[in-house]
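So you know, we letter chains A, B, ... as the sequences are listed, proteins then strands, and number each from 1. Note: hydrogens, waters and symmetry copies are ignored here, and every other heavy atom, side chains too, is used.
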There are 2 protein chains.
Amino acid sequence: MAGQNEWTTTKGREQSRITIGDVAEALGISKTTVSRAISGKGRIGEQTRQRVLAYIEENNYRPNPMAQGLAQSKTYNIGWVIPGDSTITDLPFFQRCMIGISEVASKENYDILISMVYDHELEHLRRVVENHKVDGIILGRTLIDDERVRFLKEHDIPFVVIGSSSEPDVIQIDNDHVKACRELTSILIMKGIRRLALIGGDENHVVNQTRRRGFEEAVAEQHLNEDDVFIYMNGETKVDIERSVEEALRNQVECIVTMDDRIGFEVINILKRDGIQIPDQVKLASFYSSDLLESNQPAVTALQYDPKELGVVACRTLFDMMNARQVDEKVLLSYEVALRGSTQ
Amino acid sequence: MAGQNEWTTTKGREQSRITIGDVAEALGISKTTVSRAISGKGRIGEQTRQRVLAYIEENNYRPNPMAQGLAQSKTYNIGWVIPGDSTITDLPFFQRCMIGISEVASKENYDILISMVYDHELEHLRRVVENHKVDGIILGRTLIDDERVRFLKEHDIPFVVIGSSSEPDVIQIDNDHVKACRELTSILIMKGIRRLALIGGDENHVVNQTRRRGFEEAVAEQHLNEDDVFIYMNGETKVDIERSVEEALRNQVECIVTMDDRIGFEVINILKRDGIQIPDQVKLASFYSSDLLESNQPAVTALQYDPKELGVVACRTLFDMMNARQVDEKVLLSYEVALRGSTQ
DNA sequence: TTGAAAGCGCTAACAA
DNA sequence: TTGTTAGCGCTTTCAA
């Protein structure tokens with residue numbers, strides 16, 4: 001347990017590092033030429049280019065990103081900001097987004113600087129931005145009134161948001177929640193369901209508002225009786241959800257729709273506990289799917305999105321912005337409705 | 001949906017940036033002096049120091065980390081590597097570790113470069129290391145035979161591992177799993193339990209091996225009959241776990257011990273489904289706790305660790321290494337045994 | 001206690 | 001097509 005260990009100094013390591021100057025000297029050409037061979041910018045003879053590339057490959061030379069950064073005012077990092085209060089259910093979503101981001105970023109030789117920031121606690125975000133540690137930022141979940149968004153707008157750094165924002169002039173990548181929720185709800189109604197409840201989470205999250213809107217639009221379009229529809233928001237704790245479920249059942253709804261997988265999962269547990277059969281006694285659907293719901297018995301009808309694709313598109317868009325290309329203010333990705341046993 | 005948007009060029013933004021030269025000029029002193037005031041290195045008059053600091057504060061000047069980096073061969077980034085195949089149950093653990101890491105790193109003006117790497121797919125890790133994007137690395141979960149560890153050792157970059165490694169000369173920060181598992185197991189035995197089963201996960205994870213060892217040591221110390229003890233490893237899927245539980249029950253164990261919260265949770269679901277009462281018909285304990293187990297009815301007896309503290313210690317240790325200070329090869333953090341209703 | 005000057009490794013005008 | 005020459009913004013000898 002107590003072995004001691006000492007480290008070579010930084011200097012010791014760095015000595016081994018080969019620079020663009022070394023390459024140039026070895027090849028009897030100038031640094032500029034080497035630089036051009038690497039970057040592809042500027043004219044250069046195909047022959048020299050190959051020679052340089054070959055040498056570089058062989059001696060596995062790598063440009064020093066710090067030096068590149070200093071010369072080009074670039075960091076080769078993008079910031080990935082997720083909420084500090086992420087729960088276990090958010091995490092897999094962010095993880096998959098990140099896989100997409102990472103994939104795109106890697107191709108451009110960029111890395112991901114991660115930053116967890118709590119609402120109203122921008123300290124870390126501020127550091128990253130003011131220290132110019134990143135060239136652009138991707139923001140995870142957004143709130144209705146998001147300080148982070150406002151902060152970034154003020155600082156005039158390229159950023160995109162995964163999710164939707166109520167703030168104007170913010171580049172957003174999101175799934176088409178309104179349309180998706182409208183479609184799923186409509187399908188349920190067309191299946192003959194006449195009384196239904198929606199149980200949702202924090203009203204301050206843009207996504208929850210959006211889902212609610214989709215639900216309500218379907219209800220209106222399908223001319224459902226308003227008295228047959230029950231909406232319970234802010235289902236944060238188990239107790240909240242329990243109360244909502246009870247009330248929904250008391251109101252004899254035929255189907256409970258939950259806004260996300262966490263709530264869906266809680267509802268399942270409550271129903272199981274009380275011995276209420278899905279879908280025989282009450283049907284269940286969710287506006288967001290996950291393993292938890294898919295592997296349930298019966299599997300739960302739900303909307304399916306592709307978080308990784310969100311990450312990919314967000315990152316591409318961010319690069320467009322960083323390169324001063326035009327981008328759409330809002331991109332909406334598609335979704336799938338997965339009808340499963342819980343609404344049979 | 002289709003608003004167009006264009007971005008100011010990098011140049012436009014950078015113009016506003018104030019440099020150490022500007023500060024020096026404004027104050028009528030040299031860049032060197034300003035640099036000294038900021039870094040605290042070298043002699044400098046208290047008066048000038050204050051004057052510089054005040055000016056900097058007022059005009060909120062920030063040193064350009066790229067330039068600092070280039071001059072000092074530092075990146076001011078540390079790498080945080082987590083397995084690409086992390087599951088929903090791993091994520092909260094990593095998240096909390098990261099909070100601890102971030103806390104320590106921030107104080108040293110460091111940021112976190114995150115990298116998800118899959119087993120046998122070191123590409124991204126290689127990029128980060130070979131491009132010298134980080135000054136040191138913290139590795140998340142470790143495997144018995146970990147390619148990442150070997151890769152990092154070869155590259156002679158400071159790194160620490162959260163968890164344990166079978167590889168020699170690797171700096172490790174971990175909880176004292178052996179002792180913890182031995183203690184919990186002993187307590188169970190001393191409570192009078194004579195037949196018990198252990199259900200564990202992937203045998204290739206160091207942590208699972210370690211937990212098993214603790215369990216076995218307790219069994220030996222307490223002179224339990226070997227025929228009364230059943231160990232089932234590699235409980236990856238629901239089906240695996242189901243089989244283990246069935247077998248354990250057939251063997252009439254009095255208590256099931258699970259290696260982590262995921263398995264514990266599965267066991268709970270199986271027992272509930274089959275109408276087997278905890279703790280009346282069988283007791284349950286887990287070598288790793290989480291919300292899932294704590295909020296269960298009855299709450300599950302389990303070992304409690306503090307992932308954030310792991311992150312804190314890991315990061316501090318890493319800084320020690322980066323500064324060529326001596327560090328212990330292995331640091332073991334403590335734990336708590338939480339006795340709850342499931343073993344009453 | 002302060003400053004001048006060189007240099008970190010790379011890019012980009014401008015010349016040739 | 002290639003090279004020369006200034007920087008990028010900061011640190012760090014070395015000298016004053």
Exercise. Starting at the 5' end of DNA chain D, which residue's closest nucleotide do you reach first, A:Thr33 or B:Met66?
Worked result: A:Thr33
Exercise. Tell me: CD1 of A:Ile20 to C1' of C:dT11, nearest whole Å?
Worked result: 8 Å
Seminar exercise, completed: B:Glu25 atom CD is separated from C:dG3 atom C1', nearest whole Å, by 15 Å
For this session: Looking at every strand, decide which applies to B:Thr48 at a 4.0 Å heavy-atom threshold: base, sugar-phosphate, or nothing.
Result: sugar-phosphate
Exercise. Is A:Phe93 close to A:Ile162 at the side-chain level, that is, under 4.5 Å between some pair of heavy atoms?
Worked result: yes
For this session: May I have the distance from B:Gln68 (atom CD) to C:dC10 (atom P), rounded to whole angstrom?
Result: 19 Å
Exercise. So does A:Gln72 get a side-chain nitrogen or oxygen closer than 4.0 Å to the phosphate oxygens (OP1/OP2) of C:dC10?
Worked result: no
Exercise. Looking at residues 50-62 of chain B, who's got a heavy atom less than 4.0 Å off DNA chain D?
Worked result: B:Tyr61, B:Arg62
For this session: Kindly compute the distance separating CD1 (A:Ile101) from CZ (A:Phe94), expressed to the nearest 0.5 Å.
Result: 10.0 Å
For this session: Examine C:dG3: is either OP1 or OP2 under 4.0 Å from a nitrogen or oxygen in the side chain of B:Thr32? Give yes or no.
Result: no
Exercise. A:Thr19 side chain N/O closer than 4.0 Å to the phosphate oxygens (OP1, OP2) of C:dG9?
Worked result: no
Exercise. A:Lys31 side chain N/O closer than 4.0 Å to the phosphate oxygens (OP1, OP2) of C:dT11?
Worked result: no
For this session: Measure from the side chain of A:Lys41, starting at C-beta and using heavy atoms only, and say which of C:dG3, C:dT2, C:dA12 lies closest.
Result: C:dA12
For this session: May I ask you to decide if B:Asp306's main-chain N or O and B:Arg96's side chain share a donor-acceptor pair within less than 3.5 Å?
Result: no
Seminar exercise, completed: Of the candidates C:dA13, D:dG7, D:dT1, the side chain of A:Ala71 sits closest to D:dG7
Exercise. Whole-Å distance between C:dC10 C1' and B:Asn64 CG?
Worked result: 14 Å
Problem set entry | Any side-chain heavy-atom pair of A:Ile29 and A:Val52 under 4.5 Å | yes
Exercise. If only side-chain N and O atoms of B:Ser30 are considered, is one of them under 4.0 Å from the OP1 or OP2 phosphate oxygen of C:dT2?
Worked result: no
For this session: Look at the side-chain N and O atoms of A:Ser35 and state whether any lies under 4.0 Å from the OP1 or OP2 oxygen of C:dA12.
Result: no
Exercise. Would you find more than 12 non-hydrogen atoms of other residues, nucleotides or ligands less than 6.0 Å from B:Glu130 atom CD?
Worked result: yes
Seminar exercise, completed: Heavy-atom nearest nucleotide on DNA chain C taken for B:Leu70 and for B:Glu46; more 5' hit belongs to B:Glu46
Exercise. Step by step, would you call A:Tyr110 with A:Phe319 a ring-ring contact (aromatic ring centres under 6.0 Å, His included)?
Worked result: CA-CA 10 Å; A:Tyr110 268 71; A:Phe319 279 121; 5.0 Å; yes
Exercise. Between atom CD in B:Gln47 and atom C1' in C:dT1, what is the gap in whole Å?
Worked result: 12 Å
Problem set entry | Nearest-nucleotide pick for B:Ile44, side chain only, options being C:dT2, D:dT11, C:dC10 | C:dT2
For this session: Taking only the side-chain heavy atoms of B:Ala67 (C-beta and beyond), determine which of D:dC10, D:dG3, C:dC8 contains the nearest atom.
Result: D:dC10
Exercise. Can you find a heavy atom in the side chain of B:Phe159 that is under 4.5 Å from one in the side chain of B:Lys153?
Worked result: yes
For this session: Please state how far atom CD1 in A:Ile29 lies from atom C1' in C:dT11, giving the value in whole angstrom units.
Result: 15 Å
Exercise. Got more than 12 heavy atoms from elsewhere within 6.0 Å of CD, B:Gln50?
Worked result: yes
For this session: In whole angstrom, give the distance that lies between atom CG of A:Asn131 and atom C1' of D:dG9.
Result: 14 Å
Exercise. To the nearest Å, how far apart are A:Arg43 CZ and C:dC14 P?
Worked result: 17 Å
